[in-house]
Amino acid sequence: MSPVVAYAQSNNSNSNGGTGAVTSPVKVNVPEGSKLVLSSNELTYNKDAQIVTATGAVQINYGGYKMVAQKVEYNQKTGRMMALGNVELITPDGNRMYGDKMDVTDSFSDGFVNALRVEMPDNTRMVAEKGERVGGTQMILTKGVYTACMACSEQGRAPLWQVKAQRVVQNGVTHTIRLEHARFELFGQPIAYVPWIEVPDNTVKRKSGFLFPSASISQRLGVGVRVPYYYVISPSMDATVTATGFTNQGLLLEGEFRQRLENGTHTLRVAGISQMDPGTFTAGSSDAEHKNRGMISSKGDFRINPRWTFGWDVMLQTDNNFSRTYGLDGINQSTHTNQAYLTGIGKRNYFDMRAFYYNVQNADDSNTAQKQQAYVYPSIDYHYVDPKSVYGGELSATMNFTHLSRDKTSVLDATTALGDPALNDRYLGLKGDYTRLSTELQWQRTFTTDEGLVLTPLAAARGDVYGLGMNSPGIGTYSGNYDGSDYATRGMVTAGLEAKYPFLITTNNSTHVFEPIAQVYVRPDEQLGGRLPNEDAQSFVFDATNLFDRDKFSGFDRVEGGTRANLGWRYTGSFDNGYRLQHIFGQSYQLAGRNSFASTDLAGVGSDSGLETTRSDYVTMFGLTTPQGISLATSYRFDEKDFAFRRGDTSVGFANDIFQTSLIYTHIAAQPQYGFTSNQDEIQSRAQIKFKEYWSVFGTVSYDINNGQFTRQGVGLSYEDECTIFTVSFLDKKDSTSQAASDWSIGARITFRTLGDINLGNVQNATF
């Protein structure tokens, strides 16, 4: 033991009746290596009783502990220290304890406190009539109250929620807070009693134990109660086991194992159920035809080095709709993409290799849509930009390799589906094997004249090699002269020039940039156009965003041919008061050669796109943002002859601290070739209003104008403060399959900070 020396002037009488200055040092025994720092207005030492008394603004710093009080008495004989009057003790872990009277040992490990209040670093609080520290590891509170809510400003008003317990034990070894004979109160009223409840303290990020249960309601599953148990295996591994009981279908068991390694994470999930009453579901559906159902999935993400990553996300299930029917989080999409990947990113190059398999989750027990999906093994993309200048310009290379197979041809029969034998059938995928290697080199350079004209010449060369082992489309259903050979090659060379003449206009309070743009691309006709499978260029929408693209097709299986010109302008305006404008307008022209968008295609790409004519439709977009929170975005396509409205989206939004809303109107003209025999017009709207501090109401609605029906509608109420989040919602949506487990859903969630969540259904889909 080493002595701590304190010097002070004494003004009080000691036990032998004498007064005067204390000139000898006071020796206090403390643990080896620790130093005690004490400051006060007065310090008195009673030699006979061996009591040191500090009064007036007393502050003690000792071994990471800090104490302040109006008066502190230290008894050298018993080794106890008594602090009196507005006592505050801050422990090394950040907890703050308040009391009128605190009795602790000289090592601050044992003792008791009257009228105790404890504040932890995570803003949780405990209050008790009496507290006692035992062995330096436990704090035992008598008639304690635990809450994570801030103290109410109104005198005598209870916090939003609190837990009252006969005894509260904070364990410094297990880092838990145990509340015994606990009564949960909400708005000051008791709503539940539990014999005991244990929660981790502020120093714990993970702790084994039961998590809060949740509940759900579904038309065909019935009422479900979900009880999860969380288990910490090691600092890098944990697991969750969940049991969900459904009144209609029985017990669903789920397990999830998670592991974190030095370079990534891995997750393994399993789930299964033996359905009590499959007949509740629609007869003939996969939900009704399978009694024992299950799923296993694995997901991994790993970083090999700062540039290379690899991973996977795979799922197998007993039938094609199990995960969606039971709403397994993260894998309940209508189509789940299984994939494995390897990705590398360099300073001027990029590599990505992926293998795909698609789980189509629907109620079709024959798995027709599933069998029509392709197995992709693999698809490889590589892009490289030469770091050195080549003839004053930039040289880049792009490569794609794809190999896939399919068990069943995917075709839209125009006569059966649309009742129109004059239309071509659309083949979204052919049965068999398919391999393609595509490479392209591109060079471009930018020149700026003294007058401000920006010229960018471009040259590109591309080649494709196909290995074709796919079945030919049916005779008489496709008029595009499909190439049924085993191998095919094609090439494309392009010479292009882009000219821009930007105008910069400035005023005292704004800046405007107006940029006329003209492009011309000279190239031969597309080789084998419409005679090859189209696997990756089926998604195509002509609008202002791709007006100035050299090749407007979305993938490699189609390539734009013929000589084409794109004309238009871009405008950007910025104002000092916060307003901002954006605008694009233009049109595309087929100048020579065969128009690729007018060529017959297995997938029907290009039909009714607005590019199939010599003069394309007009495309435009306009955007506005204001400092008041108002935003406007539009994208339109108008017929090139009569300016008829072909396609468009209009989005209006507003947001501030109290009110948020958005309104979206979508119009798509009839496209019989794609299965849409009439116009499609839909309005979608969402809104959220904060009508009182912490309280908000929200809603969403989607309306099909042509059919005159609501396709989605929902409403909800939410409350959120520093310790509690509460949300309740109702959502009703139309399901085109009419075989979903539920068309409507009720969701509710209440989160008590530090305690956990209570869930009823899912509130995510209806929230703003």
Side-chain angles (χ1 to χ4, degrees), residues 92-94 120-124 148 171-177 198-214 226-244 252-272 294-317 323 326-333 336-346 350-357 359 378 725 749 751-759 762 764:
D93 56 11
M120 302 180 191
D122 61 348
N123 288 329
T124 55
N171 194 313
V173 176
T174 61
H175 298 285
T176 58
I177 299 174
E198 191 172 84
V199 298
D201 66 19
N202 63 285
T203 64
V204 175
K205 294 183 179 180
R206 304 186 308 154
K207 184 69 177 178
S208 298
F210 284 99
L211 305 179
F212 263 70
S214 61
R226 186 172 187 268
V227 181
Y229 181 84
Y230 177 73
Y231 179 64
V232 178
I233 302 173
S234 73
S236 61
M237 291 188 292
D238 56 29
T240 302
V241 178
T242 304
T244 306
L252 172 71
L253 294 177
E254 299 175 67
E256 181 173 351
F257 168 80
R258 295 167 294 268
Q259 183 178 18
R260 179 178 294 276
L261 304 174
E262 290 184 2
N263 61 338
T265 60
H266 169 246
T267 302
L268 177 67
R269 296 179 64 182
V270 294
M295 177 280 306
I296 181 170
S297 70
S298 174
K299 184 176 182 180
D301 295 287
F302 294 92
R303 181 173 293 276
I304 302 174
N305 56 43
R307 293 188 177 183
W308 287 91
T309 60
F310 79 97
W312 65 88
D313 184 355
V314 296
M315 177 186 70
L316 293 175
Q317 51 187 354
S323 298
Y326 286 92
L328 303 184
D329 187 41
I331 53 176
N332 60 348
Q333 313 93 330
H336 177 77
T337 302
N338 298 274
Q339 63 175 312
Y341 67 89
L342 173 65
T343 300
I345 301 177
Y350 170 79
F351 175 89
D352 183 85
M353 179 172 65
R354 293 174 185 266
F356 295 98
Y357 173 70
N359 285 116
I725 301 175
R749 179 180 182 179
T751 301
F752 302 110
R753 190 172 66 85
T754 72
L755 292 184
D757 300 336
I758 299 176
N759 291 285
N762 191 333
Q764 301 300 320

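From Thr242, atom OG1 reaches atom CG of Leu253 across 9.5 Å, with rounding to the nearest 0.5 Å. To the nearest 0.5 Å, atom NE2 of residue His266 and atom CG of residue Leu261 are 9.0 Å apart. Atom OG of Ser236 and atom CD of Glu262 lie 9.5 Å apart (nearest 0.5 Å). Asp238 contributes atom CG, which lies 9.5 Å from atom CZ of Arg260 (distance to the nearest 0.5 angstrom). Atoms CG and CZ, from Asn263 and Arg303 in turn, are 10.0 Å apart once rounded to the nearest 0.5 Å. In this structure, OG1 in Thr309 is found 8.0 Å from CG in Asp301, a value given to the nearest 0.5 Å.
Across all non-hydrogen atoms, the minimal contact from Tyr341 to Trp312 is CE2-N, 4.0 Å. In terms of heavy atoms, Asp352 sits closest to Tyr350 at CB-OH, 3.3 Å. Considering every non-hydrogen atom in both Leu328 and Met295, the closest pair reads CD1-CE, 3.7 Å. Across Ile304 and Leu342, no two heavy atoms sit closer than the pair CD1-CD1, 4.0 Å. Of all heavy-atom pairs between Ala271 and Glu254, the closest is CB-CG, 3.9 Å. Closest non-hydrogen pair, Ser323 versus Asn332, comes out as O-CB, 3.6 Å.
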Next item on the list: Mind running side-chain contact (heavy atoms from CB on, under 4.5 Å) on Phe257 and Ile233 for me, showing each step along the way?
Entry: CA-CA 10 Å; Phe257 168 80; Ile233 302 173; 3.7 Å; yes

Next item on the list: Report the C-alpha distance between Arg269 and Ile331 in whole Å, list the side-chain angles of each, state the deciding distance to 0.1 Å, and finish with yes or no for side-chain contact (heavy atoms from CB on, under 4.5 Å).
Entry: CA-CA 10 Å; Arg269 296 179 64 182; Ile331 53 176; 4.1 Å; yes

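At a threshold of 4.5 Å between non-hydrogen side-chain atoms, the residues Val241 and Tyr231 do not count as touching. Residues Thr337 and Asp313 have side chains not in contact (no heavy-atom distance under 4.5 Å, counting atoms from C-beta outward).
For Leu316, the CG atom sits in a loose shell: 12 or fewer heavy atoms of surrounding residues, nucleotides or ligands are nearer than 6.0 Å.
When atom types are taken as modelled, the side chain of Asn171 and the backbone of Thr176 share no donor-acceptor pair closer than 3.5 angstrom.
Note: Phe310 and Phe302 have parallel aromatic rings, judged against thresholds of 30 and 60 degrees for the angle between ring planes.
Checking Thr267, Thr240, Thr265 one by one against Arg258, the side-chain hydrogen bond (donor to acceptor under 3.5 Å, both in side chains) holds for a single residue, Thr240.
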